[in-house]
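Please read the structure below before turning to the comments.
Order of listing sets the numbers, starting from 1, for every ligand and every atom in it. Numbers here simply count residues along the sequence, with the first being 1.
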Amino acid sequence: MQITRIPTNSHEEVLRVCDDATGLVAFIAIHSTQLGPAAGGLRMKPYDDADAALCDALRLSHGMTFKNAAAGLPLGGGKAVIMGDPGRDKSEALLMAVGRAVDALKGRYWTAEDMGMGPADMAVIARETDFVAGRADGPNASGDPSPTTARGILNAIRCTARHRLGSGDLTGRRVALQGLGHVGWQLAGLLHEAGAGLIVADMDRARCDTAAGAFGAEVVAVDRILSVEADILAPCAIGGVLNAKTVPGLRVKAVAGGANNQLATPADGDALHARGILYAPDYVANAGGIINVATEILRIDDRAGFVAEKLGEAEATLDAILTRAAAEGLAPHRVADETVLARMNRAAA
Ligand code: NAD
């Protein structure tokens with residue numbers, strides 16, 4: 001296996017990992033260990049080329065620094081990506097090679113599931129390294145993070161509703177939900193229980209039909225969900241959905257959801273603000289997943305207590321961000337970034 005260090009000014013350490021025997025080509029990016037060991041999932045995707053994979057690792061690891069800091073976790077930001085189709089190219093030997101590369105970092109980077117990976121894959125990686133979380137069993141195993149992610153998003157939706165709609169009571173509110181996967185499905189159930197009416201869209205029509213039956217959800221086509229009239233939009237599918245094309249057509253009062261990197265660019269957050277659409281910064285709203293994973297990394301025995309406390313803190317952080325944004329007429333994503341940088345500067349002092 002060849003591990004090559006890639007020169008970087010933006011990150012602490014970036015590695016290219018190649019293993020001819022297993023066909024592995026991966027990048028591990030450690031953005032920051034200022035607050036603790038870098039933590040962030042392992043993604044496997046058929047990237048167009050190595051540059052695209054490297055870019056993804058750099059962008060996502062940077063995002064993890066912000067997410068972990070916003071959640072008040074003693075963790076830095078990192079991410080790993082494997083080039084390849086998980087359905088075709090994933091093998092135990094390849095995952096074990098990744099495990100050896102993670103192990104060579106001696107705990108500076110902790111990996112976990114991301115797109116294309118599941119708890120069974122983490123169990124294979126764990127044969128080669130202790131620095132892996134999101135396992136189904138083992139010491140302090142944290143399993144699927146999605147239910148905790150969804151709980152955190154529900155809190156964020158209530159908080160955003162309090163600020164924008166005057167009440168966190170979701171009874172009778174209309175929520176447009178994009179994506180009914182691991183997170184979106186859990187969130188749909190929680191919103192239904194909270195009395196909200198759902199408008200849903202997913203590429204998988206069967207999931208929409210099940211949601212219609214289970215939650216009385218109104219189903220719309222995937223190309224309509226970003227322009228339906230609703231109180232709140234909850235993006236829970238893919239990144240970049242808030243962009244120059246979609247923001248002008250939104251007919252909601254607020255956006256709060258689970259997808260990572262919802263804003264295509266920071267300017268799209270400014271455009272939301274200019275339109276009076278209150279945006280709950282994604283990395284604050286969706287921190288439940290990493291909070292769940294952190295219980296395994298930090299070997300927390302009282303998992304339920306830790307998760308409840310940290311979810312409460314994440315909601316308080318969002319509340320403070322939205323309060324300051326309103327008081328100073330600022331866009332919340334700008335306030336969120338400033339809040340995180342101030343936390344990191346305090347920790348460095
Ligand atoms: P998932 O793959 O289980 O679900 C995604 C769903 O979105 C799928 O059902 C897919 O069919 C649907 N989808 C894809 N493109 C769509 C489109 N254009 N319109 C409508 N539906 C579409 O993923 P997930 O684990 O539920 O994660 C969803 C998002 O939340 C991702 O952005 C992920 O990075 C983020 N996130 C997840 C977690 C977690 O705990 N799983 C934590 C934090 C953030």
Problem set entry | atom 31 (C) of ligand 1 - nearest protein heavy atom and its distance | Ala237 O, 3.3 Å
Exercise. Between Asp231 and Lys253, is there a side-chain N and carboxylate O pair less than 4.0 Å apart?
Worked result: yes
For this session: Would you check if Thr210 and Leu180 make a side-chain contact, meaning some heavy-atom pair closer than 4.5 Å?
Result: no
Problem set entry | Nearest neighbour in protein (non-hydrogen) for atom 14 (C) of ligand 1 | Met203 CG, 3.7 Å
Problem set entry | Working for side chain to side chain contact (heavy atoms under 4.5 Å, CB included), residues Leu341 and Phe66 | CA-CA 8 Å; Leu341 289 172; Phe66 278 68; 3.9 Å; yes
Exercise. Considering only heavy atoms of Gln178, which atoms of ligand 1 have at least one such atom less than 4.0 Å away?
Worked result: 19 (N), 20 (C)
Exercise. Which heavy atom of the protein is the closest neighbour of atom 9 (O) of ligand 1, given with residue, atom name and distance?
Worked result: Asp202 OD2, 2.7 Å
Exercise. What residue and atom, counting heavy atoms only, is the protein's closest point to atom 34 (O) of ligand 1, and at what distance?
Worked result: Asn260 ND2, 2.8 Å
For this session: Before accepting this row, confirm whether a basic side-chain N of the pair Arg334/Glu328 lies closer than 4.0 Å to the acidic partner's carboxylate O.
Result: no
Seminar exercise, completed: A student checking ligand 1 against Ser146 at a 4.0 Å heavy-atom cut-off should list atoms 40 (O), 41 (N)
Seminar exercise, completed: A student checking ligand 1 against Gly179 at a 4.0 Å heavy-atom cut-off should list atoms 7 (O), 21 (N)
Exercise. At the 4.0 Å heavy-atom cut-off, does Gly239 count as touching ligand 1?
Worked result: no
Exercise. Which residue owns the protein heavy atom closest to atom 40 (O) of ligand 1, what's the atom, and how far is it?
Worked result: Thr149 OG1, 2.7 Å
For this session: On the 0 to 90° scale, with breaks at 30° and 60°, tag the Phe131-Trp110 ring pair as parallel, tilted or perpendicular.
Result: perpendicular
Exercise. Do you know the tightest heavy-atom contact between Ala294 and Ile300?
Worked result: O-CG1, 4.4 Å
Exercise. Taking 4.0 angstrom as the limit, do Lys67 and Asp282 come out as a salt bridge?
Worked result: no
Exercise. Going by the order shown, which atoms of ligand 1 are within less than 4.0 Å of some heavy atom of Val222?
Worked result: 19 (N), 20 (C)
For this session: Report yes if some heavy atom in the side chain of Leu322 is under 4.5 Å from a heavy atom in the side chain of Thr160; otherwise report no.
Result: yes
Exercise. Numbering the atoms of ligand 1 from 1, which are under 4.0 Å from a heavy atom of Ala201?
Worked result: 20 (C), 21 (N)
Exercise. Between Thr148 and Arg303, do the side chains contain an N or O donor and an N or O acceptor separated by less than 3.5 Å?
Worked result: no
Problem set entry | Residue, atom name and distance, where the atom is the protein heavy atom closest to atom 27 (O) of ligand 1 | Val183 CG2, 4.0 Å
Exercise. Side chain or backbone of Arg207 under 4.0 Å from ligand 1, or both, or neither, by non-hydrogen atoms?
Worked result: side chain
Exercise. Salt-bridged, Arg100 to Asp103, with N to O below 4.0 Å?
Worked result: no
Problem set entry | Nearest protein heavy atom with distance in Å, relative to atom 2 (O) of ligand 1 | His182 ND1, 4.8 Å
Exercise. What atoms of ligand 1 come within less than 4.0 Å of a heavy atom belonging to Ala259?
Worked result: 29 (C), 30 (O), 32 (O), 35 (C)
For this session: Name the closest protein heavy atom to atom 44 (C) of ligand 1, giving the residue it belongs to and the distance to 0.1 Å.
Result: Gly258 O, 3.3 Å
For this session: Describe, in one word, how the ring planes of His31 and His11 are oriented to each other, choosing from parallel (under 30°), tilted (30 to 60°) and perpendicular (over 60°).
Result: perpendicular
Problem set entry | Proximity to ligand 1 by part of Pro145, non-hydrogen separation under 4.0 Å | both
